[in-house]
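Okay, so here's the structure we're looking at.
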Amino acid sequence: MELAKITTRGQITIPLAIRKKLGVKAGDKVAVFELNGRIIIESSALLALKNAQEGFRLERATDQDIANMVEDAR
């Protein structure tokens with residue numbers, strides 16, 4: 001388990017070991033969301049890739065479906 005301190009501005013530093021596991025570095029974006037009372041931090045690039053892969057599994061994905069998925073990922 002890693003600990004992070006919240007600053008008065010609501011910021012935290014993600015511990016180095018966690019950044020390495022996520023494959024993120026300075027300037028990268030991460031997705032932060034709540035799931036069943038837990039806070040989840042994911043690499044936004046990997047999350048976008050997962051969402052795109054899931055979207056392509058649709059039986060009849062239209063060009064508009066794909067465009068929407070790309071826009072959502074951005």
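The structure presented is a predicted model; accordingly, all values stated were derived computationally and were not measured.
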Legend entry - side chain to side chain contact (heavy atoms under 4.5 Å, CB included) partners for Thr7, two or more places apart: Arg9, Gln11
Inset, instruction - Could you pull out all residues at least two apart from Leu16 that satisfy side chain to side chain contact (heavy atoms under 4.5 Å, CB included)? - result: Arg19, Lys20
Legend entry - Which residues share a salt bridge (Lys or Arg N to Asp or Glu O under 4.0 Å) with Lys25, sequence neighbours left out: Asp28
Inset, instruction - Calculate, to the nearest 0.5 Å, the distance between atoms NZ and OG1 belonging to Lys5 and Thr13 respectively. - result: 10.5 Å
If you look only at distance, which donor and acceptor atoms sit under 3.5 Å apart when one is on a side chain in residues 31-41 and the other is two or more places apart or in another chain?
unit_1	atom_1	unit_2	atom_2	d
Glu34	OE2	Asn36	N	3.4
Glu34	OE2	Gly37	N	2.5

Legend entry - Closest approach of Leu3 to Pro15 (non-hydrogen atoms, all atoms of both residues): O-CG, 3.7 Å
